[in-house]
S.K.: 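Here's a structure for you.
None of the values given here were measured: they were computed from a predicted structure.
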Amino acid sequence: MSSSSSTTYSLPLATTFVLLMLYVSNAQLNTTFYSSTCPNVTTIVRSVVQQALQSDSRIGASLIRLHFHDCFVNGCDASILLDKGGSIQLSEKDAAPNTNSTRGFDVVDNIKTAVENSCPAVVSCADILALAAEASVSLSGGISWNVLLGRRDSLTANQAGANTSIPSPFEGLANITSKFSALGLNTNDLVALSGAHTFGRAQCRTFSNRLYNFNGTGNPDPTLNSSYLTTLQQTCPQNGSGTALANLDPTTPDSFDNNYFSNLQNNQGLLQSDQELFSTTGAATVSIVNSFSSNQSAFFQSFAQSMINMGNISPLVGSNGEIRLDCKKVNGG
């Protein structure tokens, strides 16, 4: 102990200052960022999300997904919200993982309007996405956490990045793990954040590959529970609509709980990327699924921390970016 503490104190002042600056640059987001400039922002966001949930039980899951798909492309900078037009030649909304799939943009606009009415030109769209994700979880029976704030909004979008960086439901566990790892998220983050599939819906086209001819075998995915398979085949007939919807969690479809993990243990994961967390032999994810299935509070704690970790991916801070006045377009655009 004494030798390590003596090294600490023997650091030259300049080095200490550089280390301190490094720490500060990683910690520019904080929970009190708007405490003087928009003290009611969390309440405002929560009330708009609560209102939206009354008419659309899917919206909580949809709002979390916007934050996730935002953070995985150029960091949490609200680039996913930018429409095509003006300086934005290619919108992330038109990337393969998002087109005819991401939703909730109208609710984000409603939140932004309510926030602007209270605190004009202060709160970023990127922070609104982070706050809306937390409200969606806590209003659906999940954990609450203090959201770190202070992100600013991008001036550009990255459609190509959205096509390559966002995990796909058809990808193997190794690929998805490496996409998380590239952003500084580990296996525990991957399993915890996948638990967001405890509510919301998915379109048939995202899992029908498992129902009839999995990987060219001529048979369904063997890791699909047989009675669950029958139910899904009724929802998604072989030549039916690819946009019909199924619950990601067949047991408690609109509640934020740990049933997602018990479902995986019962071979009732909807997406290939869900079930592989449990059914991939020897994978590090299996024991984490088992832990979260048996202990909801352990899942909730991990989920909150992993949401914070994801929300910390490459934010624009200080004088970078801007505070968009309309989340759909850059200022003056």
S.K.: Against the six-membered ring of Phe105, is Lys328 placed for a cation-pi contact (under 6.0 Å from the centre, within 45° of the normal)?
M.R.: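 Geometry flag: not set, cation outside 6.0 Å or 45°.
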S.K.: Hydrogens and angles aside, do Thr217 and Asn215 bring a side-chain donor and acceptor to less than 3.5 Å of each other?
M.R.: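 Side chains of Thr217 and Asn215: no pair found under 3.5 Å.
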S.K.: Main chain of Asp127, side chain of Ser124: is a donor-acceptor contact present, judged purely on distance under 3.5 Å?
M.R.: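 Indeed, once roles are kept as given, a pair shorter than 3.5 Å links the two residues.
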S.K.: Ignoring hydrogens and angles, tell me if any N or O in the side chain of Thr230 forms a donor-acceptor pair with the backbone of Ser226 under 3.5 Å.
M.R.: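 Checking the backbone N and O of Ser226 against the side chain of Thr230, a donor-acceptor pair under 3.5 Å is found.
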S.K.: Any side-chain heavy-atom pair from Ile111 and Val115 closer than 4.5 angstrom?
M.R.: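 SC-SC contact between Ile111 and Val115 confirmed.
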S.K.: Would a 4.5 Å heavy-atom cut-off, applied to side chains only, mark Ser136 and Ile59 as touching?
M.R.: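 Not in contact.
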S.K.: Answer yes or no: is there an ion pair linking Lys112 with Asp326, defined by an N-O contact shorter than 4.0 Å?
M.R.: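 No, this pair does not count.
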S.K.: Is a donor from one side chain sitting under 3.5 angstrom from an acceptor on the other, for Thr156 and Asn158?
M.R.: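 There is no such pair between these side chains.
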S.K.: Parallel, tilted or perpendicular: which one describes the rings of Phe299 and Phe292, with boundaries at 30° and 60°?
M.R.: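 Rings of Phe299 and Phe292: tilted, as their planes differ by 30° to 60°.
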S.K.: With clusters built from Ile, Leu, Val, Met, Phe, Trp and Tyr whose side-chain heavy atoms come within less than 4.5 Å, directly or transitively, what are the remaining members of the cluster of Ile323, listed by chain and number?
M.R.: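 Answer for Ile323: none, a lone residue.
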S.K.: Is a side-chain donor or acceptor of Thr206 paired with a backbone partner of Gln203 at a separation under 3.5 angstrom?
M.R.: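 Yes, Thr206 side chain to Gln203 backbone: donor-acceptor pair under 3.5 Å.
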S.K.: Kindly give the cluster partners of Leu90, where membership spreads through any ILVMFWY side chain lying under 4.5 Å from a current member.
M.R.: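 Cluster partners of Leu90: none, it stands alone.
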S.K.: At their closest point, which heavy atom of Ala162 faces which heavy atom of Asn98, and how far apart are they?
M.R.: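 It is CB-ND2, 4.3 Å.
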S.K.: Shared ILVMFWY cluster between Val137 and Leu185, side chains joined below 4.5 angstrom?
M.R.: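 Yes, because Val137 and Leu185 connect within a single hydrophobic cluster, where side-chain heavy atoms sit under 4.5 Å apart.
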S.K.: Are Ser178 and Asn175 close enough, and set up right, to give a side chain to side chain donor-acceptor pair (under 3.5 Å), and what steps lead you there?
M.R.: CA-CA 5 Å; Ser178 64; Asn175 276 14; 4.9 Å; no
S.K.: Report yes if some heavy atom in the side chain of Leu232 is under 4.5 Å from a heavy atom in the side chain of Leu270; otherwise report no.
M.R.: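 Yes, side chains in contact.
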S.K.: Which atom names give the shortest non-hydrogen contact between Glu116 and Val123, and what distance separates them?
M.R.: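 Distance-wise, the nearest heavy atoms are OE2-O, 4.4 Å.
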S.K.: Using only atom types and a distance under 3.5 Å, with no angle test, would you say the side chain of Thr42 pairs donor to acceptor with the backbone of Leu131?
M.R.: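 Here the side-chain-to-backbone pair does not exist.
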S.K.: Would a 4.5 Å heavy-atom cut-off, applied to side chains only, mark Asp189 and Met310 as touching?
M.R.: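 In short, these two side chains do not touch, never coming nearer than 4.5 Å.
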S.K.: CD1/Ile128 to SG/Cys327 distance, rounded to the nearest 0.5 angstrom?
M.R.: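 So the gap between those two atoms works out to 5.0 Å.
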S.K.: Flag the pair Asp56 and Arg58 as a salt bridge only when some basic side-chain nitrogen lies within less than 4.0 angstrom of an acidic carboxylate oxygen.
M.R.: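 Looking at Arg58 together with Asp56, the answer is no, because their closest N to O distance does not fall below 4.0 Å.
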S.K.: Tell me, please, which residues at least two apart from Phe68 pass ring pair (Phe, Tyr, Trp, His ring centres under 6.0 Å).
M.R.: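 Counting only residues at least two positions away or on another chain, Phe68 forms a ring pair (Phe, Tyr, Trp, His ring centres under 6.0 Å) with Phe72.
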S.K.: Quick one: do the Asp94 and Thr99 side chains pair a donor with an acceptor below 3.5 Å?
M.R.: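 Their side chains do not contain a donor-acceptor pair, so the 3.5 Å distance test is not met.
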S.K.: Donor-acceptor pairs under 3.5 Å, side chain of residues 142-150 to any protein atom, not counting sequence neighbours: which ones?
M.R.:
none

S.K.: In Å and rounded to the nearest 0.5 Å, what is the OG to CD distance from Ser79 to Gln159?
M.R.: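 Interatomic distance, Ser79 OG to Gln159 CD, rounded to 0.5 Å: 11.5 Å.
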S.K.: Just by distance, no angles: are the side chains of Ser293 and Gln265 close enough, under 3.5 Å, to form a donor-acceptor pair?
M.R.: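 Present: a donor and an acceptor within the cut-off.
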S.K.: Regarding Asp249 and Thr252, do their side chains bring together a donor and an acceptor under 3.5 Å, going by distance alone?
M.R.: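 Thr252 and Asp249 do have a side-chain donor-acceptor pair below 3.5 Å.
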S.K.: Should Arg201 and Asp254 count as side-chain neighbours, where that means a heavy-atom distance under 4.5 Å?
M.R.: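 Yes - at least one pair of side-chain heavy atoms lies under 4.5 Å apart.
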S.K.: Under 3.5 Å, is there a donor-acceptor pair between the Asn266 and Tyr228 side chains?
M.R.: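 No - no donor-acceptor pair under 3.5 Å links their side chains.
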S.K.: Same hydrophobic cluster for Val317 and Ile308, using side-chain heavy-atom links shorter than 4.5 Å among ILVMFWY?
M.R.: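 They do share one cluster, since a chain of ILVMFWY contacts under 4.5 Å joins Val317 to Ile308.
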S.K.: Sequence neighbours left out, what pairs pass disulfide (SG to SG under 2.5 Å) with at least one residue falling in residues 263-316?
M.R.: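 For residues 263-316, and leaving out neighbouring residues, there are no disulfide (SG to SG under 2.5 Å) pairs at all.
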S.K.: Treating Thr177 as the side-chain partner and Leu173 as the backbone partner, does any N or O pair qualify as donor plus acceptor under 3.5 Å?
M.R.: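 Present.
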S.K.: Please step through side chain to side chain donor-acceptor pair (under 3.5 Å) for the pair Thr32 and Asn30, ending with a clear verdict.
M.R.: CA-CA 6 Å; Thr32 56; Asn30 61 75; 3.2 Å; yes
S.K.: Using the side chain to side chain donor-acceptor pair (under 3.5 Å) rule, take Arg65 and Ser101 through it: C-alpha gap first, then chi angles, then the decisive distance, then the call.
M.R.: CA-CA 10 Å; Arg65 189 163 179 250; Ser101 177; 3.0 Å; yes
S.K.: Looking at side-chain heavy atoms only, is the closest gap between Thr223 and Arg210 below 4.5 Å?
M.R.: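 Side chain of Thr223 against side chain of Arg210, heavy atoms only: contact under 4.5 Å found.
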S.K.: According to a 4.5 Å side-chain heavy-atom criterion applied to Ile, Leu, Val, Met, Phe, Trp and Tyr, with indirect links allowed, do Val108 and Leu325 form part of one hydrophobic cluster?
M.R.: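 Val108 does not cluster with Leu325.
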S.K.: How close do Val122 and Tyr34 get, heavy atom to heavy atom, and via which atoms?
M.R.: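 Heavy-atom minimum between the residues: O-CE2, 3.4 Å.
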S.K.: Counting only heavy atoms not in Asp106, do more than 12 fall under 6.0 Å of its CG?
M.R.: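 Yes, the 6.0 Å shell around CG holds more than 12 heavy atoms from other groups.
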S.K.: Test of understanding: clusters of I, L, V, M, F, W, Y form through side-chain heavy atoms closer than 4.5 Å, transitively. Do Tyr212 and Phe214 belong to the same one?
M.R.: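 The answer is no; the residues belong to distinct hydrophobic clusters.
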S.K.: Verify the distance criterion only: is there a donor paired with an acceptor across the side chains of Gln272 and Glu276 at less than 3.5 Å?
M.R.: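 The criterion, which ignores hydrogens and geometry beyond distance, is satisfied for Glu276 and Gln272.
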S.K.: Drop me the distance from Asn263's CG to Asn225's CG, to the nearest 0.5 angstrom.
M.R.: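 Atom-to-atom, Asn263:CG and Asn225:CG are 10.0 Å apart.
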S.K.: Tyr260: what forms a ring pair (Phe, Tyr, Trp, His ring centres under 6.0 Å) with it, not counting sequence neighbours?
M.R.: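 Partners of Tyr260 by the ring pair (Phe, Tyr, Trp, His ring centres under 6.0 Å) criterion come out as none, since no residue qualifies.
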S.K.: Search all heavy atoms of Leu29 against all heavy atoms of Pro315 and return the closest pair with its distance.
M.R.: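 Where Leu29 meets Pro315 most closely, the heavy atoms are CD1-CG, 4.0 Å.
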S.K.: Apply ring-ring contact (aromatic ring centres under 6.0 Å, His included) to Phe303 and Phe256, showing your working.
M.R.: CA-CA 11 Å; Phe303 184 81; Phe256 199 97; 4.9 Å; yes
S.K.: Is it true that a side-chain atom of Asp153 and a backbone atom of Ala78 form a donor plus acceptor pair closer than 3.5 Å?
M.R.: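 Not at all, since once roles are kept as given, no pair shorter than 3.5 Å links the two residues.
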S.K.: Search all heavy atoms of Asn331 against all heavy atoms of Glu322 and return the closest pair with its distance.
M.R.: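 Residues Asn331 and Glu322, closest heavy atoms: N-OE2, 2.9 Å.
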S.K.: Side chains of Gln233 and Gln238: does their closest heavy-atom pair fall under 4.5 Å?
M.R.: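 No, their side chains stay 4.5 Å or more apart.
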S.K.: Any donor-acceptor pair under 3.5 Å linking the side chain of Asn40 with the backbone of Thr43?
M.R.: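 No, the answer is negative, given that no donor and acceptor are paired below the 3.5 Å cut-off.
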S.K.: Decide whether Gln275 and Ser279 meet the rule of one side-chain donor and one side-chain acceptor closer than 3.5 Å.
M.R.: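 Yes, because at least one side-chain N or O of Gln275 sits under 3.5 Å from a partner of the opposite role on Ser279.
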S.K.: Heavy-atom count around Lys329 NZ within 6.0 Å, excluding the residue itself: above 12?
M.R.: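 Not more than 12 within 6.0 Å, no.
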S.K.: Taking Asp77 first and then Arg151, would you say they form a salt bridge - that is, a charged N and a carboxylate O separated by under 4.0 Å?
M.R.: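 Salt bridge: no.
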S.K.: Walk me through whether Leu190 and Ile288 qualify under side chain to side chain contact (heavy atoms under 4.5 Å, CB included).
M.R.: CA-CA 10 Å; Leu190 164 59; Ile288 306 173; over 6 Å; no
S.K.: Nearest 0.5 Å, what's the CG-CD distance between Leu224 and Gln268?
M.R.: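 Here the rounded value is 9.5 Å.
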S.K.: How many angstroms lie between OG in Ser168 and CG in Asn163, if you round to the nearest 0.5 Å?
M.R.: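 Those atoms lie 11.0 Å apart.
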S.K.: About how many Å separate CD1 of Ile44 and OG of Ser118, when rounded to the nearest 0.5 Å?
M.R.: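 That separation rounds to 3.5 Å.
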S.K.: Say whether Leu264 and Phe207 are linked into one hydrophobic cluster, either directly or through other cluster members, by side-chain heavy-atom distances under 4.5 angstrom.
M.R.: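 As far as the 4.5 Å side-chain criterion goes, Phe207 and Leu264 are not connected within one cluster.
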S.K.: Determine the minimum heavy-atom distance between Arg324 and Cys125, stating which atoms define it.
M.R.: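 Answer, listing the atom of Arg324 first, then Cys125: CB-SG, 3.9 Å.
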S.K.: Are any of the side-chain heavy atoms of Leu248 and Leu271 separated by less than 4.5 Å?
M.R.: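 Counting from C-beta outward, Leu248 and Leu271 do come under 4.5 Å.
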